[in-house]
Amino acid sequence: MRWWKMLGLAGIMGVAATGVVIARAERRRRAYTPEEIRTRLRERVESARADDAQPEGRRS
């Protein structure tokens, strides 16, 4: 019966290792270059400034 335990542990380790490989690949795929980050931050700042410049209308 001991070999069943070893087979089960090997299966669990295989699933965990596959999950790690998939997670690493996903992080690399979603990684942004520094220039992309700067561009996105600048767009956010400009958008926030444009929102602040618009009048809000009447308040009660």
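These numbers come from the heavy atoms of this one structure, side chains and all, not from hydrogens, waters or symmetry mates.
Here R29 pairs with E26 under the salt bridge (Lys or Arg N to Asp or Glu O under 4.0 Å) rule; sequence neighbours left out. Applying the salt bridge (Lys or Arg N to Asp or Glu O under 4.0 Å) rule to R28 yields no partners; only residues at least two apart in sequence or on another chain are considered. Take E36 and apply the salt bridge (Lys or Arg N to Asp or Glu O under 4.0 Å) test, not counting sequence neighbours, and it matches no residue. With sequence neighbours excluded, no residue forms a salt bridge (Lys or Arg N to Asp or Glu O under 4.0 Å) with R40.
In terms of modelled atom types and a separation under 3.5 Å, the side chain of T39 and the main chain of E35 share a donor-acceptor contact.
Grouped by direct or indirect side-chain proximity (heavy atoms under 4.5 Å, Ile/Leu/Val/Met/Phe/Trp/Tyr only), L41 sits with Y32, I37.
Among E43, R49, R42, the one residue that satisfies the side chain to side chain contact (heavy atoms under 4.5 Å, CB included) test with V45 is R49. T18 pairs in a side chain to side chain contact (heavy atoms under 4.5 Å, CB included) with only one of the listed residues (V15, I22, V21), which is I22.
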